[in-house]
Amino acid sequence: MIEISLNALKELDKFFSSQEKKPIRIYLAPGNTSSRLEFILDNPTSGDDVIIKNTYTFCINTELLKKCGGIQIDVIDDNFVATPTIPFPKKMTSCSSSSCSSCPSSCKK
């Protein structure tokens, strides 16, 4: 359920070259337009799935992994990126007559 690109594996190897390999937690972080997956070094808990890929241990909440349907890990612009197979929904914005400047072009006073 977790796939890692060769580029991400190389970067993980670099990151852990001077320190002990620890489990990597994938967690849900809020974003401006949609939630996103982030990483932190952390030990698994009882509500986690633990997945070992290429000598790296990943932990993620079981329910979150189900909602993701799988995860692709890559490196883009020197940042680790975790992309869920099932995209997270976009946040809806509301339009009111007093704040039309922040709404899509279809908003009219």
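Residue numbers count from 1 along this sequence. Hydrogens, waters and symmetry mates play no part in the numbers below; they use all other heavy atoms, side chains included.
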Undergrad: Of all residues at least two apart in sequence or in a different chain, which pass the side-chain contact (heavy atoms from CB on, under 4.5 Å) check with I71?
TA: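 Here the qualifying residues are I2, I26, L37, I60, L65, C68, I73, A82.
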Undergrad: Enumerate the residue pairs fulfilling salt bridge (charged side-chain N to carboxylate O under 4.0 Å, His left out) with a member in residues 20-30, sequence neighbours excluded, ordered by first and then second residue.
TA: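 Every pair satisfying salt bridge (charged side-chain N to carboxylate O under 4.0 Å, His left out) with a residue in residues 20-30: R25-D42, R25-D48.
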Undergrad: Which residue pairs satisfy the ring-ring contact (aromatic ring centres under 6.0 Å, His included) criterion with at least one member in residues 20-42, sequence neighbours excluded?
TA: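 Residue pairs with at least one partner in residues 20-42: there are none.
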Undergrad: With clusters built from Ile, Leu, Val, Met, Phe, Trp and Tyr whose side-chain heavy atoms come within less than 4.5 Å, directly or transitively, what are the remaining members of the cluster of V50, listed by chain and number?
TA: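 For V50, no cluster forms, as it stays isolated from other hydrophobic side chains.
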Undergrad: Which residues pass the side-chain hydrogen bond (donor to acceptor under 3.5 Å, both in side chains) test with E3, sequence neighbours left out?
TA: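 So E3 forms no side-chain hydrogen bond (donor to acceptor under 3.5 Å, both in side chains) with any residue.
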Undergrad: List the atom of I4, the atom of Q72, and the distance in Å for their closest heavy-atom pair.
TA: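 Residues I4 and Q72, closest heavy atoms: C-NE2, 4.0 Å.
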Undergrad: For residues 65-75, which residue pairs pass the salt bridge (charged side-chain N to carboxylate O under 4.0 Å, His left out) check, not counting sequence neighbours?
TA: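 Every pair satisfying salt bridge (charged side-chain N to carboxylate O under 4.0 Å, His left out) with a residue in residues 65-75: E63-K66.
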Undergrad: Restricting to non-hydrogen atoms, name the atom on P30 and the atom on R36 that form the minimum distance, rounded to 0.1 Å.
TA: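 Distance-wise, the nearest heavy atoms are O-NH1, 2.6 Å.
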Undergrad: Do V75 and F58 share a hydrophobic cluster, counting only Ile, Leu, Val, Met, Phe, Trp and Tyr and linking them when any side-chain heavy atoms are less than 4.5 Å apart?
TA: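 Per the 4.5 Å side-chain linkage, V75 and F58 are co-clustered.
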Undergrad: Count the heavy atoms of every other residue, nucleotide or ligand shown that sit under 6.0 Å from CG of L6, and state whether that count exceeds 12.
TA: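 Atom CG in L6 is not crowded, with 12 or fewer foreign heavy atoms closer than 6.0 Å.
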Undergrad: May I have all residue pairs that pass side-chain hydrogen bond (donor to acceptor under 3.5 Å, both in side chains) and include part of residues 75-89, sequence neighbours excluded?
TA: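 Listed by first then second residue: nothing to list.
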Undergrad: Check side-chain hydrogen bond (donor to acceptor under 3.5 Å, both in side chains) between T62 and all other residues, then give those that pass, not counting sequence neighbours.
TA: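 Applying side-chain hydrogen bond (donor to acceptor under 3.5 Å, both in side chains) to T62 gives D49.
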Undergrad: Side-chain atoms of residues 11-18: list all donor-acceptor pairs with protein atoms under 3.5 Å, sequence neighbours left out, distances to 0.1 Å.
TA:
| from | atom 1 | to | atom 2 | distance (Å) |
| --- | --- | --- | --- | --- |
| E11 | OE2 | K14 | NZ | 3.2 |
| D13 | OD1 | Y56 | OH | 2.3 |
| S17 | OG | K14 | O | 2.8 |

Undergrad: Would you kindly confirm whether I40 and L64 end up in one hydrophobic cluster when ILVMFWY residues are joined by side chain heavy atoms under 4.5 Å apart?
TA: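 No.
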Undergrad: Are I51 and L41 linked, directly or through other ILVMFWY residues, by side chains that come within less than 4.5 angstrom of each other?
TA: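 The answer is yes; both residues are in one hydrophobic cluster.
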Undergrad: Could you tell me which residues satisfy salt bridge (Lys or Arg N to Asp or Glu O under 4.0 Å) with K10, sequence neighbours excluded, listed by chain and number?
TA: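 Counting only residues at least two positions away or on another chain, K10 forms no salt bridge (Lys or Arg N to Asp or Glu O under 4.0 Å).
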